[in-house]
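Along the sequence shown, the residues carry numbers beginning at 1. What's counted below: heavy atoms across the whole structure, side chains too, no hydrogens, waters or symmetry copies.
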Amino acid sequence: YKRLNIGSYSYLKKMTRDIRDNIPEILEEHQKEESSFKKIVPALIKKGIDNVNLSMFTPEMRNELLNAAGDEFIKKGMTMDAIKAFTITGNKAKLVEIGDNYVTVGLVTNAIDAYRLAEDSGKLARIGQKCLDDGLVVDAMRAFRLINDQDKLREVGESCLKKDKIDFAIEVFSFLDNKSKLIETGEKCLKDNMLAYAAKAFELANDGGRLSKLGDMFLKSGLIKSALKCYELAKNEMMVSFIKENFGDLSHIKPGGYM
């Protein structure tokens, strides 16, 4: 080891003495700041974050105040206010902590919101899988959409299709722009006589041929308005003209409950 020369030793000794002599001042300054925080935080809690002007503080001090207020909000059970405070300061660790607490009490929708604000893809993936395993397809769909996990979204869509949650299946396959799955869903709906869902699936798949066939089914059943809508979606101008020429004003005709 290199020895300190006398000059270096004297400098270190002086620096140590200066720090020791300044400790009371440092402590006093810290206590003043702490005292100010104790006065301001209750005002934040009472008036609400949106109603207190903190522009006179530096960004660092403002964030410290808001984080302190966030902790107090949590203690008082005012979780939404805490989320607002931690979102402003960008305190992702605290937002994740809130999300974890929501999971513990079974509030997975709220947990997803907290993880979204924290931009924690790992947490969103895990809670999405948990929701899928528990049959909470709406929450699973939302979590996986936030991280754009297309493989998991396909799983959600398949699960919805098997459980006859057709509207969610259509929503997932539409988000994925998976036309073959939309057509498969539409065919299933035709088989189960869920014609409105079939029309929606074929429309999103941009399948004019199947929409026209569905229009034919409505026309044979006397559901003229529903038939017209299918033909219009299919851009089947010939059948649109046929209905308008032969049936005239359709405003007095009920659509039959399908469309």
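With rounding to the nearest 0.5 Å, the separation of CD1 in I224 from NZ in K244 is 14.0 Å. Once rounded to the nearest 0.5 Å, the distance linking CZ of R126 with OG of S121 reads 10.5 Å. With values rounded to the nearest 0.5 angstrom, L117 atom CG is found 12.0 Å from N91 atom CG. Atom OG1 in T87 sits 9.0 Å away from atom CD1 in I49 (nearest 0.5 Å). Atom CG of L204 sits about 11.0 Å away from atom CD1 of I183, to the nearest 0.5 Å. The structure places OG of S159 at 7.0 Å from NZ of K165, a figure rounded to the nearest 0.5 Å.
Between R142 and T109 the shortest side-chain heavy-atom distance falls below 4.5 Å. Counting heavy atoms from C-beta on, the side chains of F242 and L228 never come closer than 4.5 Å. Side-chain contact between V156 and F173 is absent, with no heavy-atom pair separated by less than 4.5 Å. In this structure, the side chains of N67 and L65 stay at 4.5 Å or more apart for every pair of heavy atoms. Inter-residue side-chain proximity for K152 and I147 is flagged as unmet; no heavy-atom pair is nearer than 4.5 Å.
Across all non-hydrogen atoms, the minimal contact from G70 to A82 is O-CB, 3.6 Å. Closest approach of C160 and F168 over heavy atoms only: SG-CB, 3.7 Å. Pairing each heavy atom of F175 with each of R145, the nearest pair is CD1-NH2, 3.3 Å. Taking all atoms of both residues into account, the shortest heavy-atom contact from L161 to A169 is N-CB, 4.0 Å. Looking at every heavy atom in both residues, R62 comes nearest to F57 through N-CB, 4.1 Å. Across all non-hydrogen atoms, the minimal contact from A111 to G99 is CB-O, 3.5 Å.
Within 6.0 Å of CE on M238 lie no more than 12 heavy atoms contributed by other residues, nucleotides or ligands. Environment of NZ in K188: crowded, with over 12 heavy atoms of neighbouring residues, nucleotides or ligands closer than 6.0 Å.
Note on L233: it clusters hydrophobically with L190, by side-chain heavy-atom contacts below 4.5 Å among ILVMFWY residues. Connection of L132 to L124 is established within a shared hydrophobic cluster, with ILVMFWY side chains joined at heavy-atom distances below 4.5 Å, either directly or through further cluster members. M194 and I170 fall within a single hydrophobic cluster, where Ile, Leu, Val, Met, Phe, Trp and Tyr are joined by side-chain heavy atoms under 4.5 Å apart, directly or via other members. In the hydrophobic clustering of ILVMFWY residues, with side-chain heavy atoms under 4.5 Å counting as a link, I98 and V96 come out apart. Hydrophobic cluster membership is shared by I112 and V137, with clusters built from Ile, Leu, Val, Met, Phe, Trp and Tyr side chains linked at under 4.5 angstrom.
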Exercise. Walk me through it: do K123 and D100 pass the test salt bridge (Lys or Arg N to Asp or Glu O under 4.0 Å)?
Key: CA-CA 9 Å; K123 290 283 187 178; D100 291 344; 3.1 Å; yes
Quiz item: When you look at D50 and K84, which way does the salt bridge (Lys or Arg N to Asp or Glu O under 4.0 Å) test go after all the steps?
Solution: CA-CA 10 Å; D50 295 331; K84 186 185 291 185; 2.8 Å; yes
Quiz item: Can you check side-chain contact (heavy atoms from CB on, under 4.5 Å) on I127 and Y102, steps first, answer last?
Solution: CA-CA 11 Å; I127 197 169; Y102 276 136; over 6 Å; no
Self-check item: E119 and L95: CA distance, side-chain angles, deciding distance, side-chain contact (heavy atoms from CB on, under 4.5 Å) verdict
Solution: CA-CA 9 Å; E119 299 177 329; L95 289 168; over 6 Å; no
Practice problem: Mind running side chain to side chain donor-acceptor pair (under 3.5 Å) on N101 and E97 for me, showing each step along the way? | Solution: CA-CA 6 Å; N101 290 337; E97 188 179 313; 4.8 Å; no
Self-check item: Evaluation steps, salt bridge (Lys or Arg N to Asp or Glu O under 4.0 Å), between D207 and K179
Solution: CA-CA 9 Å; D207 193 320; K179 289 182 170 48; over 6 Å; no
Quiz item: Could you go step by step and tell me if R154 and D151 meet the salt bridge (Lys or Arg N to Asp or Glu O under 4.0 Å) rule?
Solution: CA-CA 5 Å; R154 272 189 288 273; D151 290 335; 2.4 Å; yes
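Each of D81, L66, T79 was checked for a side-chain contact (heavy atoms from CB on, under 4.5 Å) with F73, and the lone residue meeting it is D81. Of the listed residues (R210, K181, K213), just one forms a salt bridge (Lys or Arg N to Asp or Glu O under 4.0 Å) with E187, and that residue is R210.
Using a distance-only test at 3.5 Å, with no hydrogens or angles considered, a donor-acceptor pair links the side chain of S241 to the main chain of E237. No side-chain donor-acceptor contact under 3.5 Å links D134 to the backbone of L136.
Checked for salt-bridge contact, D167 and K200 miss the test: no charged N lies under 4.0 Å from a carboxylate O.
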